[in-house]
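To find a chain, count down the sequence lines: A is the first, B the second, and so on, and within it residues start at 1.
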2 protein chains.
Amino acid sequence: MSDRKNLERVVPIGVLAEQTGVKVETIRYYEQVELLPPPERTEGNQRRYGRRHVERLAFIKHARDLGFSVDSIRTLLKLSDNPDLPCDQAHAISVAHLDEVRHKIARLRSLEKELERIAATCSGGVSACDCAIIEALADHSQCAHHQGGVAEAWR
Amino acid sequence: MSDRKNLERVVPIGVLAEQTGVKVETIRYYEQVELLPPPERTEGNQRRYGRRHVERLAFIKHARDLGFSVDSIRTLLKLSDNPDLPCDQAHAISVAHLDEVRHKIARLRSLEKELERIAATCSGGVSACDCAIIEALADHSQCAHHQGGVAEAWR
DNA sequence: TCTTGAACCTCTAGTCGCTTCAGCTTGTAT
DNA sequence: ATACAAGCTGAAGCGACTAGAGGTTCAAGA
């Protein structure tokens, strides 16, 4: 009975990976950067994870999917470990991140427009079209709005 | 007269940086990865750039601002150097990139909604709010749409 | 019990597009 | 002549993994 419980709950890294959708290598990486605490090991030095690890990794995965940095997640995990701490910080992190996402969207949208404009001028015919795309890239002055560049949207 | 022309046209790296808005270190990096051809040097081994370098770097900068990868830019530069080549490839690169941008926007928008939802549930009061943000992260099942994750939007 | 082979282990290096640093040398203005 | 800004090289660091080499362990079938 308790044997079966152990069988269900103490899993090798591959099973943890499958259960959470996080790659094996990434799990080991998370352990290395101290997001995930080191699990028990078998006599042969292989990792065996319990239910708490599964939960913690699911938390991490979800937060990463939402685009939180590993550093932010470290803080969020600390907060989640100490429920007596006020959650101001968690709120601040989320709001800051939301802000960042919105800025990124805005920049990408202006990028999109610019690219649409450029791509539309040349339909890619084989003939010598004196490529409008290349001209547009060479001549910045054609650009609709060109203060500062939008490249930060990629970082 | 021709002396003055030289003074205007043959510039050190710092001036090129200023003129194009590309940092000095980045210019050297572009030379290293063979986006920008190596310029002439003074007797004391310092780089001196001409008008063609300025133009080429402006092209690169513009393309980077639009989010093209260094690799794509290499191809675009090759095309721009050989105007007799058909511009199909340039068109393909632009369209592929535009597609990528649109996907990124879509993913970020769903991220935005999710984050709004999560952040709204907790206003960050100091009192023991049993933080809804942290709960939401821990419990993936609350998530509105959770196939696949949206993290790729960050790459 | 033995053998296979998938799964695991560690460690290192590579990815992208820069940025930063250390420790020099050169150019220019006074 | 001197000071000091600007330039030089080469290597390492960033974030968040990913990939590979080269070895070990585990579990299942014969």
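With C:dT19, D:dT18, D:dC8 as the candidates, the nucleotide lying closest to the side chain of B:Arg47 is D:dC8. Taking every side-chain heavy atom of B:Val70 into account, C:dC18 is the closest of D:dT18, C:dC18, C:dC8.
A residue-by-residue look at B:Ser69 and A:Val15 shows that A:Val15 has its nearest nucleotide of DNA chain C further toward the 5' end.
Using a 4.0 Å cut-off, no side-chain N or O of A:Tyr29 falls inside it from OP1 or OP2 of D:dG15. Within the structure, every side-chain polar atom (N or O) of A:Arg41 is placed at least 4.0 Å from both OP1 and OP2 of D:dT25.
Contact between B:Leu111 and A:Asp65 at its shortest, heavy atoms only, is CD1-O, 3.4 Å.
Among residues two or more places apart in sequence or in another chain, the side chain to side chain donor-acceptor pair (under 3.5 Å) test is passed with A:Thr75 by none. Every residue was checked against the side chain to side chain donor-acceptor pair (under 3.5 Å) condition with A:Thr42, not counting sequence neighbours, and none meets it. B:Arg102 meets the side chain to side chain donor-acceptor pair (under 3.5 Å) test with A:Glu112, A:Glu116; sequence neighbours excluded.
Terminal axes of the helix from C:dT1-D:dA30 to C:dT30-D:dA1 (five pairs each, C1' rotation axis) are separated by 10°, to the nearest 10°.
B:Val95 and B:Leu76 end up in different hydrophobic clusters when Ile, Leu, Val, Met, Phe, Trp and Tyr side chains are linked at under 4.5 Å.
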- Which letters describe nucleotides 21-30 of chain C, given B = protein heavy atom under 4.0 Å from base, S = only from sugar-phosphate, - = neither? -----SS---

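The line from OG of A:Ser80 to CD1 of A:Ile73 is 12.0 Å long, rounded to the nearest 0.5 Å.
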Side-chain donor-acceptor pairs of residues 20-40 of chain A under 3.5 Å, sequence neighbours excluded:
from	atom 1	to	atom 2	distance (Å)
A:Thr20	OG1	A:Leu16	O	2.8
A:Thr20	OG1	A:Val22	N	3.4
A:Glu31	OE1	A:Arg47	NE	2.8

